[in-house]
Every structure is written in structure tokens, then in C-alpha cells.
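Before any comments, here is the structure.
Bear in mind that the values here come from a model prediction, so they are computed numbers and not experimental data. Below, chain A is the first sequence line, B the second, and so on; all start at residue 1.
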Amino acid sequence: MKVVNEVIRAEFISSVLLWFKEYGRKNLPWQKDPTAYRVWISEIMLQQTQVKTVIPYYEKFMKCFPNIEDLAKASNDQVMAQWSGLGYYSRARNLHKTAIELCKNRGQSEFPDTIEELQSLAGIGRSTAGAILALAMNKKASILDGNVKRVLARCFAISGWPGKADVAKKLWQVTESLTPENDVKAYTQALMDIGATICTPRNMTCEDCPLSNICIALKQDNQVLYPGKKPKKKIPVRSQYFCLLMSKNGELLMEKRPPSGIWGGLWTPISCDLEFNLGEYLENTYSIEASNQQRLEEFRHTFSHFHLQLVPVKADVTKMLSIAEDNLRWNSLDNWLKEGIPAAVRVMIEDLSANLEKD
DNA sequence: AATTCGGGGAC
DNA sequence: GTCCCAGAATT
């Protein structure tokens, strides 16, 4: 089936490649020495996260884990600590899992070089697999990330929200039929760059776009209609206590969350819904007795699907059994800030630290 | 097919 | 406040 006209395809490819030579980004950190490992790490970090946010994390991560063996050897906590603040923490867990898997099965740092093998790895889907092949190996492979979706939806007037299966299918057909035989690496980087710097969600600069001659949305002057927006719905508010349990020598007790769910694998204070009586909850669930409960200033953290109203409660532990479980740990506030903790918990600890300074 | 995973930046 | 971002896994 012919998805894209041959003449249009040829013009699309040559325009994109010509534009890239002059205007493409060529100095992003992961573009220097673009090995499969480095491209892989960057692609995972860049999932749902903007370039500007990723760069400092990427530099730090590479310093800590220069190659896949170093990553495979690291502990889960070490990896999570590097990811702390980036969000979507399952990405870090999958990264670690895949590093271990590849080192074990191959005994070397060689990456698989087929779309099927790459996609079978934890955390690597269709688009990320394509990006690794194209950017690290210059192999013919297609991607469909947020930038490319926007460029293609506008250029070919593909309406509807890409979260819908039929729209996504259409976009994949278009990106695959456009992908050139040669210069896939430059082509792929160019498409992302055009989406990131020219074909932006709003205030796009079509006068600078190499696709301005063939873009249907530009011709119709309705660029902002593409891609279709996700139907929005109201998100609920959940309120939870976060119990800042302190020891006599000023250490804070935290709990390592199970791998899946919100903040999976990260350390957080013991928390429970406001429906519970906090003292009873600590007693019944953890056999902890705490005194001097003191509510601190609450604040809100918004996720994509709910608002979390956090109610920090400082308390002193008066009695507790010796820690048997590996998922409970005492630590100084400063040391907790170096561990794998979510951004909201970082806020709480810094606030608590400032609070204690004053007394 | 729909939902679930964070956090920050732009506006 | 809203929207969006180099998506994938789970249900």
C-alpha cells in the first residue's frame, strides 16, 4: 500500500537532509561518541522529558556509569539515586535490568542490532528501538516520538489524538514509508530537531521550515489543530500523611517502596491516607510508637492523573522493634538527600531541615 | 484499548 | 492554572 506519494517522499527526505546540514543539532552530549550505550541512556531519559532537563542528568549519569558493565554492577539504590528527580522511575529500573541482562547473556557490551531484539528488552519500545538503530548504528529504522508525531501530523494533515490506536497506526505507516535508505542517522536527528525547534506546539516558525512547501496544515493555516489533543478529564485529589519519624539523634526513618506503582523503588517517609489515625496506623502496621506529633505545612504535588496533597507530620519515635525489614532505614537528612528520593520528598526533607535549624 | 507511570518548562 | 515533552508496560 502506498502511504506517501513518491514525489512528495523524495522532496521530504531531501529537504530534511539539506536543512540538517546547516541547522541541525550536532553537539548534544549524546551525539559526541554516539555508541549504542550512550544513545540508549539518552533515549530513555528523553522519554517524556525535555532535552534541557535531561542534559545535567545525562552528564552525571555517564560520569557515574561510563559503560554498560558499570551500570550492570551498580546496586538498585545507586541507579535510583542517579535518577532522583527525573520522574518515571520505572525507566531507571528497566535500564538497570536491561544492562544486567545484556552483560550476562553477551558477556560484553555489544548491543543487539535488530528491531526485534531491541524491543524485547525492558524499557525499549518500538520508537526507542528505532532511535538506537538509526542514531547509533545508522541503520534504516523509523521513530515516532512526540516531535515526529507533530511534524508528520501537520505535514500530512493527520487528524485525531495519537493516543488512539487508529491515529497512531496511521502515523507509524507514514514515518515508516518516509524513512530513507541512506543517511538515516542525520534524517532521524533532523526530524526531531525540526519538531523541537521549528514545528513547536505553539508559535511555530514555519517560515524557517524546510517542509513549508509540502506541509498541508500550513497551507490550511491550521497547524495548531495537529496533532489532536488528548481528551481531558478532571483529576482527583488524594490527601496523605507523610510521617517524618525522627530518632533522638536527629535521624529520619524512611521506607523503600515496592518496585511498581507511584515512586517505585524510591525511599519515602511512611505514608497513609488521611482517613487513618496516624498513631494507630504506625502502631498497627509498623509497631512503632511515636510522640510529639507536629503537623508541618502541607503542599500539593500534581501527577498526570491525580493531585497529591501531602501533609507532613513530624514525630519522635519512642519505641520500635529493631529493624528487621530491609526496606526500612534510618539516615541523616543530608544523607537522605543523596539517595533515590522523589522530588516531593526532597522538598519535605529540605523544609524539615530548615525547620530544625531554626530551633 | 485504556490506564498508569513524574517532573519540569513554557505560557 | 494548562499543556506538553526523544513512550513503554500493564491491565
Original post:
Rounded to whole angstrom units, what separation is found between the CH2 atom of W161(A) and the P atom of dC3(C)?
Top reply: 13 Å
Subject >> Side chain of R150(A) (C-beta onward), nearest among dC4(C), dG7(B), dG7(C) >> reply: dC4(C)
Original post:
Just how far, in rounded Å, is P of dG6(B) from CE of M45(A)?
Top reply: 16 Å
**OP:** Have a look at L308(A) and say if it touches a base, only the backbone sugar-phosphate, or nothing, with a 4.0 Å heavy-atom cut-off.
**Re:** nothing
Original post:
Are side-chain N/O atoms of E117(A) and S120(A) paired as donor and acceptor at under 3.5 Å?
Top reply: no
**OP:** Please check the phosphate of dA6(C) (OP1 and OP2 only) for any side-chain N or O of S42(A) closer than 4.0 Å.
**Re:** no
Original post:
For dA10(B), does either OP1 or OP2 sit under 4.0 Å from a side-chain N or O belonging to K52(A)?
Top reply: yes
Original post:
Is a donor-acceptor contact shorter than 3.5 angstrom present between the side chain of T49(A) and the base of dG8(B)?
Top reply: no
Original post:
Under 6.0 Å between ring centres, would you say that holds for F303(A) and H301(A)?
Top reply: yes
Subject >> Inter-nucleotide P distance (dT11(C), dG6(B)), Å rounded >> reply: 15 Å
Original post:
Side chain of H301(A): nearest nucleotide among dG6(B), dC11(B), dG7(C)?
Top reply: dG6(B)
**OP:** Side chain of R202(A) only, please: which of dG6(B), dA8(C), dC11(B) is the nearest?
**Re:** dC11(B)
Subject >> Whichever of F303(A) and D166(A) has its nearest DNA chain B nucleotide further upstream toward 5' >> reply: D166(A)
**OP:** Write down the distance separating the P atoms in dA6(C) and dA10(B), rounded off to the nearest Å.
**Re:** 13 Å
**OP:** Using a 4.0 Å heavy-atom cut-off across all strands, classify I262(A) as base, sugar-phosphate, or nothing.
**Re:** sugar-phosphate
Original post:
At under 4.0 Å between heavy atoms, what does K230(A) touch on the DNA or RNA strands: base, sugar-phosphate, or nothing?
Top reply: nothing
Subject >> Phosphate-side-chain proximity, H305(A) and dT3(B), N/O vs OP1/OP2 below 4.0 Å >> reply: no
**OP:** Give a yes or no on whether the ring-centroid distance for W263(A) and Y89(A) is below 6.0 angstrom.
**Re:** no
**OP:** Indicate whether any N or O donor in one side chain lies under 3.5 Å from an N or O acceptor in the other, for R91(A) and N94(A).
**Re:** no
Original post:
NA contact type, S127(A), heavy-atom cut-off 4.0 Å: base, sugar-phosphate, or nothing?
Top reply: sugar-phosphate
**OP:** Could you tell me whether the side chains of W19(A) and D193(A) share a donor-acceptor contact shorter than 3.5 Å?
**Re:** no
**OP:** Examine F61(A) together with Y58(A) and report whether their ring centres are nearer than 6.0 Å.
**Re:** no
Original post:
Using a cut-off of less than 4.0 Å, is there contact between a side-chain N or O of K149(A) and OP1 or OP2 of dG7(C)?
Top reply: no
**OP:** Would you check if there is a donor-acceptor pair between the side chains of K314(A) and N292(A) at a distance under 3.5 Å?
**Re:** no
Original post:
Under 4.0 angstrom, heavy atoms only, what part of the nucleic acid is A344(A) near: base, sugar-phosphate, or nothing?
Top reply: nothing
**OP:** Whole angstrom is fine here: how far is it from CZ in R300(A) over to P in dT2(C)?
**Re:** 11 Å
Original post:
What nucleic acid atoms does G195(A) come within less than 4.0 Å of, heavy atoms only: base, sugar-phosphate, or nothing?
Top reply: nothing
Original post:
Which part of the nucleic acid does I124(A) contact within heavy-atom distance under 4.0 Å: base, sugar-phosphate only, or nothing?
Top reply: sugar-phosphate
Original post:
To the nearest angstrom, how far is I41(A) atom CD1 from dG7(C) atom C1'?
Top reply: 16 Å
**OP:** Looking only at side-chain atoms of Y88(A), point me to the closest of dA8(C), dC5(B), dC4(C).
**Re:** dC5(B)
Original post:
Side chain of A343(A): nearest nucleotide among dC4(C), dA6(C), dG8(B)?
Top reply: dG8(B)
Original post:
Between L121(A) and R25(A), who's closer to the 5' end of DNA chain C by nearest nucleotide?
Top reply: R25(A)
Subject >> Closest-nucleotide ordering on DNA chain B, the 5'-leading residue of G163(A) and G85(A) >> reply: G163(A)
**OP:** May I have the distance from I235(A) (atom CD1) to dC5(B) (atom P), rounded to whole angstrom?
**Re:** 13 Å
**OP:** Identify whether any heavy atom of S304(A) sits under 4.0 Å from a base atom; if not, whether one sits that close to sugar-phosphate; answer base, sugar-phosphate or nothing.
**Re:** base
Original post:
Closest nucleotide of DNA chain C for L28(A) versus for Q119(A): which of these residues is on the 5' side?
Top reply: L28(A)
Original post:
If only side-chain N and O atoms of W83(A) are considered, is one of them under 4.0 Å from the OP1 or OP2 phosphate oxygen of dG7(B)?
Top reply: no
Original post:
For the side chain of P201(A), counting heavy atoms from C-beta on, which of dA2(B), dC4(C), dG7(B) is nearest?
Top reply: dC4(C)
Subject >> OP1 or OP2 of dG9(B) under 4.0 Å from side-chain N/O of Q50(A) >> reply: no
Original post:
When the distance from CG of L95(A) to C1' of dA9(C) is rounded to whole Å, what number comes out?
Top reply: 15 Å
Subject >> Salt-bridge criterion met for E298(A) and R295(A) (N-O under 4.0 Å) >> reply: yes
Subject >> Atom-pair distance (CZ on R91(A); C1' on dG6(B)), nearest Å >> reply: 8 Å
**OP:** Select base, sugar-phosphate, or nothing to describe what A165(A) touches, counting heavy atoms under 4.0 Å on all strands.
**Re:** sugar-phosphate
Subject >> Side-chain N,O (Y89(A)) to OP1/OP2 (dG7(B)) below 4.0 Å >> reply: yes
